[in-house]
Number of protein chains: 2
Amino acid sequence: MRARDLNKVELVKQKAMELLVKIGFEGFTMNKLAKECKISVATLYIYYKDKDDLILQIAMEEAERMSDIMLEDFDPEVSFEVGLRQQWKNRAKCMLENPITAQFLEQLRTSTYQEQVYGTIVNNFKITLGKFMTNAINRGEINPMQLEVYWSVAFAPLYNLVRFHFDGRSIGGKPFILTDKALWGTFELVLKALKK
Amino acid sequence: MRARDLNKVELVKQKAMELLVKIGFEGFTMNKLAKECKISVATLYIYYKDKDDLILQIAMEEAERMSDIMLEDFDPEVSFEVGLRQQWKNRAKCMLENPITAQFLEQLRTSTYQEQVYGTIVNNFKITLGKFMTNAINRGEINPMQLEVYWSVAFAPLYNLVRFHFDGRSIGGKPFILTDKALWGTFELVLKALKK
DNA sequence: AATATAAATGAATATTCATTCATTTATATT
DNA sequence: AATATAAATGAATGAATATTCATTTATATT
């Protein structure tokens with residue numbers, strides 16, 4: 001029995017995400033992916049049933065991996081400020097250390113694959129974060145508000161900074177680099193918005 | 001001379017955006033678009049040079065139209081709070097009244113078309129907003145910070161709420177509707193974050 | 001070392017898709 | 001009303017693209 005080459009499987013996954021981020025869904029094909037990996041297209045069909053399956057499986061695995069990283073060292077029982085700071089730390093680290101995956105998952109959000117990925121995997125993630133927020137409200141650390149409002153104020157600025165960082169191109173002319181100073185400066189603003 | 005049917009041209013534009021939002025770049029084809037419009041594919045090639053041209057032209061027109069709406073009644077010389085409030089009003093109205101266009105333009109952001117659209121059209125928009133922010137800093141209404149930080153805190157929460165609204169699916173189980181209460185409640189939080 | 005088994009492949013195949021073409025149709029101008 | 005002109009069309013055409021297949025290759029097990 002010949003064993004499947006796990007390095008090759010991993011290569012396919014990496015190159016698939018890279019290619020999708022680089023040329024978008026509108027340009028992505030199985031043949032291009034095979035060429036990029038320097039393997040036969042047929043091999044892709046040993047690993048995956050078809051193109052949809054390839055994209056979906058990779059998306060699921062990566063979404064799960066990323067949400068695990070984002071929950072590392074996170075305890076929904078800690079104080080609001082400590083917990084939120086930990087979340088910013090985890091999420092920034094996670095996205096900056098996994099730029100391709102982060103951009104790939106971002107891209108999925110406006111595709112037909114979104115539903116299946118976000119519907120299943122990200123649930124545990126949502127539950128933990130929901131508990132954290134409910135705690136903060138019950139303890140009177142923040143004012144009661146809808147989860148969506150909270151989420152939008154607490155995290156959207158972070159995701160947006162990361163996007164600026166990846167895009168390179170920014171509002172002014174010069175490329176934007178997300179420094180620790182900018183990241184934690186923004187965090188303080190967000191904290192000010194949410195704390196009573 | 002037979003005149004071009006302008007209703008048909010408009011129909012093509014609408015259906016193109018609808019279809020792209022519905023089935024993503026990965027599923028969008030010229031034949032599907034023609035069928036959706038109940039016209040011949042060949043007609044599409046009278047209006048547009050090719051598929052890329054179709055997507056790009058529609059994107060450019062809509063991006064310009066939307067950014068005009070967002071600058072209506074906006075004066076970069078007014079106070080920070082008044083100006084920011086006006087921006088939230090304009091942008092929320094614009095996106096909620098043009099849901100398809102808003103989602104279509106959002107989708108472009110992670111495609112290869114992004115660069116051309118955002119590079120050219122949105123410039124005037126950026127200049128006006130840049131001036132507004134510089135004014136606010138010079139007057140001492142907000143602390144000096146990078147444009148990207150400012151933008152991320154000032155607007156990312158709004159865009160995120162709108163996205164929740166469009167997605168229907170939210171963090172909890174029940175669909176999220178962006179009410180005036182949620183919108184302006186969030187605005188107050190953002191204001192608190194940015195004001196000295 | 002021989003065997004069996006699945007991996008991996010290069011070259012098809014079949015399908016989908018973008019684009020074109022030969023005609024027909026509508027209408028503005030005369 | 002006749003003419004000219006571009007719009008609009010249905011049916012191709014050819015190029016991409018997804019997927020399969022007949023072989024070959026590597027390796028775990030015997």
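The sequence lines fix the lettering, A, B, ..., with proteins before strands; numbering per chain opens at 1.
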Atom-to-atom span, CG of A:Asp5 to P of C:dT5 - whole angstrom: 22 Å
Could you give the CD1-to-C1' distance, from B:Ile46 to C:dT23, as a whole number of Å? 12 Å
Going by atom types alone, do A:Asn135 and A:Glu77 pair a side-chain donor with an acceptor below 3.5 Å? yes
Partner nucleotide, any strand, of D:dT24 [Watson-Crick/G-U, under 3.5 Å]: C:dA7
Please report, rounded to the nearest Å, how far the P atom of C:dT20 is from the CG atom of B:Leu44. 13 Å
Round to the nearest Å and state the distance from B:Phe28 atom CZ to C:dT16 atom P. 18 Å
Flag the pair A:Trp151 / B:Phe176 as yes when their ring centroid distance falls below 6.0 Å, and as no otherwise. no
B:Arg91 and B:Tyr159 side chains, donor-acceptor separation under 3.5 Å: yes
Which residue, A:Tyr47 or A:Asn31, contacts DNA chain C at a nucleotide closer to its 5' end, judged by nearest heavy atom? A:Tyr47
Residue mapping more 5' on DNA chain D - nearest nucleotide basis, B:Val41 or B:Leu6: B:Leu6
Please state how far atom NZ in A:Lys32 lies from atom C1' in D:dA15, giving the value in whole angstrom units. 13 Å
Less than 4.0 angstrom between a side-chain N/O of A:Tyr45 and OP1 or OP2 of D:dT20, yes or no? no
Does B:Ile39 reach a base, just sugar-phosphate, or nothing at all? Heavy atoms under 4.0 Å. sugar-phosphate
Just to confirm, is there a sub-4.0 Å distance from OP1 or OP2 of D:dT5 to any side-chain nitrogen or oxygen of B:Arg2? no
Paired with D:dT29 by Watson-Crick or G-U wobble geometry, both distances under 3.5 Å: which nucleotide is it? C:dA2
B:Arg4 CZ - C:dA26 P separation (whole Å): 18 Å
For A:Glu115 and A:Arg109: C-alpha separation, side-chain torsions, deciding distance, then whether salt bridge (Lys or Arg N to Asp or Glu O under 4.0 Å) applies. CA-CA 8 Å; A:Glu115 201 156 359; A:Arg109 278 221 348 267; over 6 Å; no
Which part of the nucleic acid, if any, lies within contact of A:Thr29, taking any heavy atom under 4.0 Å across all strands shown: a base, the sugar-phosphate backbone alone, or nothing? sugar-phosphate
Are B:Thr112 and A:Glu26 linked by a side-chain donor-acceptor pair shorter than 3.5 Å? yes
Nearest heavy atom decides the nucleotide; on that basis, is B:Ala3 or B:Lys51 closer to the 5' end of DNA chain C? B:Lys51
Output the single nucleotide from D:dA18, C:dA18, D:dT9 whose closest atom is nearest the side chain of B:Met30. C:dA18
Whole angstrom is fine here: how far is it from CG in A:Asp50 over to P in D:dT17? 17 Å
Using a cut-off of strictly less than 4.0 Å, decide whether B:Ser40 has a side-chain nitrogen or oxygen near OP1 or OP2 of D:dA8. no
Rounded to whole angstroms, how far apart are CG on A:Leu11 and C1' on C:dA8? 14 Å
State the pairing partner of D:dA12; accept Watson-Crick or G-U wobble contacts with both distances under 3.5 Å, and report none otherwise. C:dT19
